[in-house]
Amino acid sequence: MDIFRKWYEERHQYAKEWKEKNGGKVMGCFCSYVPEELLCAAGALPVRVLGSHEPQDVTEPYIFGMFCPFCRDVLAQGLKGRYDYLDGIVLSQSCLHLRQSFTSWRLHIPIDYNYYLYMPNKVQTPHAKPYLRGELEKFKKSLEEFTGRTIADEALKESIGLINSNRRLMHQVYELRKQDNPPITGLEAMWMTTSSMWVDKKDHNRELERVLKELPSRKLNRETGARLMLIGSENDDTQFVEMVESIGATVVVDDHCTGTRYFWNEVGSNSDLLQAVADRYIERPPCPSKDWEERTRFPHILKLAKDYNVQGAILIQQKFCDPHECDIPPLRDMLKENGIPSLTLEFDVTVPVGQFRVRLEAFLEMIGEEDLF
Amino acid sequence: MSEVKKYKTEPLKTWQKAKELRQKYYRDYATAHERGGLRWSGGAWCFDAIPAGLGDDVYPITGEPYAASCAFNRSFSTECLEAAEKKGWARDLCSYMRNYWGSMYLNKFAFGGEYPKADFAFQNHICCSHAKWYQHVAEYEKIPYFCFDVAVGPYSEVDENRLSYLVNQLHEAIEWLEKTTGRKYDDEKLIQAVYNECRSTAMWAEICCLNRSVPAPLDEKTMYSLYVFGTLQKASREVADFYEELRDEVKYRVENQIAAVATERCRLMSDTQPPWGFLKVFRYLEKFGALSVGSLYSFGLIGIWEDKPDGSWGPRTTPQEQGVKIETRDQALRILADWNLSKPEWQHFYDPQLKSDMMIRIAKEWKLDGVMLHYNRGCEGLSLGIAENRLALQEAGFPVMVFEGNMGDEREFDLTRTMSRIDAFMETMELKQLER
């Protein structure tokens with residue numbers, strides 16, 4: 001597991017070395033809706049831009065403080081020069097919050113290339129797929145011009161295959177988490193999923209394959225405790241997960257854009273490759289900002305909770321995150337109706353671990369109530 | 001102190017008509033069922049021309065202006081907001097949405113009586129809250145729901161793929177409406193509604209252009225009561241006709257130097273929705289001989305604009321002015337989609353620079369001395385990029401004052417502090433309160 005942790009902690013170092021070794025472009029991705037298949041096919045390394053969980057004071061002039069701490073943390077990384085190796089940035093249209101990180105980034109941080117992909121919000125209309133295909137066509141052309149490299153069907157097919165393999169391998173890892181005593185902790189899974197968003201999929205796949213050989217016989221020297229699910233906004237807060245798993249619980253599954261939503265479905269087979277890619281992003285488990293008119297997230301979440309035998313859910317909400325705030329009350333009701341207790345926590349750039357620990361302990365006590373009698 | 005010039009001023013003659021029209025709008029909606037009609041609920045930006053094809057007895061209630069009316073009544077608004085909070089909704093969500101939901105939960109209509117439940121919900125989505133707002137309304141009221149995705153990029157980048165995506169959804173909506181209501185759709189009524197919408201929204205832009213005059217014939221506080229018709233039912237003939245009448249009166253005021261504020265000597269613009277429960281802020285400005293002559297918000301929320309040959313910003317030329325005869329449903333829908341995608345207040349959703357450019361343009365063409373930006377905690381959509389707008393306006397040489405508040409949640413507005421900020425802002429512009 002050390003390699004995934006290393007990639008998580010030394011993401012910038014990895015990207016810089018990759019660039020030196022491969023000579024390709026490194027592209028910062030804002031939001032998990034960026035179609036990485038096209039970037040990889042253009043010989044680039046897609047790198048999801050995330051925050052650093054450190055207090056910062058550099059974004060105040062650019063983003064009004066009512067927008068989510070994550071989007072401000074992301075911009076702060078750019079302003080502090082931590083992503084100075086990026087050749088370009090790409091936004092796939094999602095929430096208004098993250099959009100500002102992108103628009104302020106391109107205004108204030110020198111960058112050779114930027115692209116705003118007008119990803120549809122209404123993924124439930126039949127018109128979304130052909131529309132997105134048209135937008136991908138434009139994105140492809142733009143990438144070709146920037147990289148000076150034609151994205152041939154063969155390269156795209158290869159890239160789709162590579163990324164699909166990563167998704168499949170991640171599924172295999174998650175499958176093991178269904179076990180009564182999962183051979184992998186939630187913290188380790190978080191290192192894996194998040195690092196897959198910036199490590200070359202060839203490297204990531206190789207390590208996943210290696211680890212998957214070891215995992216079936218791996219025994220963790222710990223009690224599984226309560227089986228929890230994490231649901232909510234972007235979350236790569238390893239410190240929080242570590243704390244949760246230190247007090248008698250194990251995170252066994254999640255619904256995060258930095259988790260299952262990122263890899264859950266594959267690009268299908270369609271001779272029109274761009275249409276196949278478009279279909280995948282339209283059909284993926286949606287961000288709540290795209291989940292309307294029907295709430296398709298809820299049955300998906302419930303299925304995950306049942307498949308992973310979840311005893312409780314932690315609803316993680318980035319402060320000011322409107323899309324999730326619009327889902328949380330009915331989601332809480334839905335989980336309750338299905339016998340799954342939940343605890344809602346509001347996340348900021350840093351979280352009050354001590355306070356959250358007390359709340360978590362009370363929650364776990366409540367879950368374990370029946371065992372007491 | 002030199003003597004301040006005083007312009008003549010007089011009340012608007014169309015004011016009473018505006019009040020009656022607004023009352024009629026809410027009454028028509030509330031009593032629609034008594035006449036066998038239909039009621040629908042949706043956003044102020046929704047394509048109201050589409051349900052118009054279902055018949056003349058189909059009445060909308062648009063959420064934002066309704067919620068602003070709730071917010072204006074501060075005690076009722078607090079009741080609504082608390083009702084929403086009791087249901088578990090976060091306090092930082094759109095305050096229009098929370099006022100609306102609260103009114104729905106309490107079953108109290110801001111204009112008296114029980115909350116008149118809609119027959120269906122019909123909405124546009126460009127801001128994160130739009131679709132989610134009516135998703136919940138539809139679930140709570142158990143009514144059918146349709147929502148358009150209009151977020152296809154700024155108008156300057158609209159191409160066939162992007163336009164078609166929206167037009168296809170408009171076609172889909174008509175089929176959905178027929179199925180949902182069991183009514184046969186009338187394309188002639190749609191076509192007429194599209195003509196009306198183009199006429200009313202271009203006419204509003206023309207009225208705003210008249211405010212370039214010194215003295216300004218309208219102040220923004222008054223404009224709030226007038227632009228609202230475009231947010232209520234822009235595709236109705238009544239609104240288009242009213243705006244024509246208003247245009248004529250404002251033109252008369254310009255020709256006769258009739259001012260909104262007799263002591264006008266400092267011209268400002270604001271931004272985003274004002275704190276509706278505290279419009280007295282605008283009256284306070286008048287003590288200094290200052291007024292807000294408008295904003296991108298009041299000009300471009302419903303007004304449709306274009307570049308004119310002389311380089312100025314003016315009302316977009318309507319299809320009827322171009323001699324375009326709309327003959328088919330598809331043609332009507334393409335015009336409707338294209339017209340709406342050029343809405344100024346939709347552009348900044350993709351780039352704050354686009355909004356800054358329009359604001360700087362207004363500041364120059366409307367001869368402004370400064371800008372008051374409302375950092376509006378109640379609306380993420382219109383506060384999007386506002387910090388960047390501040391920087392751009394300052395860089396363009398315009399003094400900018402910022403005040404934080406909330407359009408629809410009085411608990412997040414500090415009147416005294418805002419007044420103090422205005423005092424300081426006026427002082428930086430070397431303006432003192434005028435003697436009475």
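Fair warning: this is a prediction, and the values are worked out from it, not measured in the lab. Naming convention: chains lettered A, B, ... in sequence-line order (proteins, then strands); numbering from 1 in each chain.
Residue A/K80 qualifies as enclosed at atom NZ: its count of foreign heavy atoms under 6.0 Å is above 12. Under a cut-off of 6.0 angstrom, the local environment of CD in A/E294 is sparse, with at most 12 non-hydrogen atoms contributed by other residues, nucleotides or ligands. No more than 12 heavy atoms of other residues, nucleotides or ligands sit less than 6.0 Å from atom CZ of B/R417.
With chain A as partner, the option from B/Q135, B/Q353, B/R390, B/H136 having the largest number of non-hydrogen pairs under 4.5 angstrom is B/Q135. Residue with the most contacts toward chain B among A/E135, A/Q93, A/E60: A/E135 (heavy-atom pairs, distance under 4.5 Å). Ranked by heavy-atom pairs under 4.5 Å with chain A, the list B/C147, B/G88, B/C128 is led by B/C147. The candidate with the highest count of non-hydrogen atom pairs below 4.5 Å against chain A, out of B/I386, B/V150, B/V402, B/L391, is B/L391. The most heavy-atom pairs under 4.5 Å with chain A, out of B/P352, B/S129, B/A121, come from B/P352. Each of A/G65, A/S94, A/P120 has some count of heavy-atom pairs under 4.5 Å with chain B, and the biggest count is that of A/P120. Across A/L91, A/N121, A/I328, the residue that shares the most heavy-atom pairs under 4.5 angstrom with chain B is A/N121. Note on A/M66, A/E346, A/R295: by heavy-atom pairs under 4.5 Å with chain B, the leading option is A/R295. Interface check for chain A: of the options B/N389, B/I126, B/L384, B/D159, the most heavy-atom pairs under 4.5 Å are formed by B/L384. Here A/K138 is the residue among A/R332, A/E137, A/K138, A/R99 with the most heavy-atom pairs under 4.5 Å with chain B. Chain B forms more heavy-atom pairs under 4.5 Å with one residue of A/A128, A/P130, A/S289 than with any other, namely A/A128. Of the residues considered (B/C127, B/A151, B/A90), B/A151 shows the highest number of contacts with chain A, using heavy-atom pairs under 4.5 Å.
Using a 4.5 Å cut-off between heavy atoms, A/D291 touches chain B through backbone and side chain atoms alike. At a 4.5 Å heavy-atom cutoff, B/E160 makes no contact with chain A through either its backbone or its side chain. When heavy atoms are compared at a cutoff of 4.5 Å, A/L107 approaches chain B solely by way of its side chain, counted from C-beta outward. Heavy atoms closer than 4.5 Å to chain A are found in the backbone of B/N376, but not in its side chain. In this structure, chain B has a heavy atom under 4.5 Å from the side chain of A/Q100, while its backbone stays farther away. With a 4.5 angstrom heavy-atom cutoff, A/F64 touches chain B via backbone and side-chain atoms both. Heavy atoms closer than 4.5 Å to chain A are found nowhere in B/R91, neither backbone nor side chain. In this structure, chain A has a heavy atom under 4.5 Å from the backbone of B/F148, while its side chain stays farther away. Contacts between B/Q123 and chain A at a heavy-atom distance below 4.5 Å are absent for every atom of the residue. Residue contact with chain B, scored on non-hydrogen atoms closer than 4.5 Å, involves the backbone of A/I63 exclusively. Contact of A/F102 with chain B is not made at all, since no heavy-atom distance falls under 4.5 Å.
Under 4.0 Å is where a charged nitrogen must lie from a carboxylate oxygen, and between B/K355 and B/D271 at least one such pair does. By the 4.0 Å N-to-carboxylate-O rule, A/R106 lies close enough to B/D351 to be salt-bridged with it.
Ring pair B/Y350/A/Y118: centre-to-centre distance below 6.0 Å. In this structure, the ring of A/F146 has its center no less than 6.0 angstrom from the ring center of A/Y115.
Of the residues listed (B/F146, B/Y145, B/W176), the one engaging B/F120 in a side-chain contact (heavy atoms from CB on, under 4.5 Å) is B/W176, and it is the only one. Of the candidates A/K129, A/E37, A/K290, A/Y281 forms a side chain to side chain donor-acceptor pair (under 3.5 Å) with just one, namely A/E37.
By the 30° and 60° cut-offs, the orientation of the rings of A/W292 relative to B/H125 is tilted.
Within the 4.5 Å cutoff, no side-chain heavy atoms of A/E325 are placed close to those of B/K132. No side-chain heavy atom of A/F347 sits under 4.5 Å from any side-chain heavy atom of A/F70.
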Exercise. For B/R377 and B/D409, run salt bridge (Lys or Arg N to Asp or Glu O under 4.0 Å): C-alpha distance rounded to whole Å, both residues' side-chain angles, the deciding distance at 0.1 Å, then the answer.
Key: CA-CA 9 Å; B/R377 301 181 73 90; B/D409 189 339; over 6 Å; no

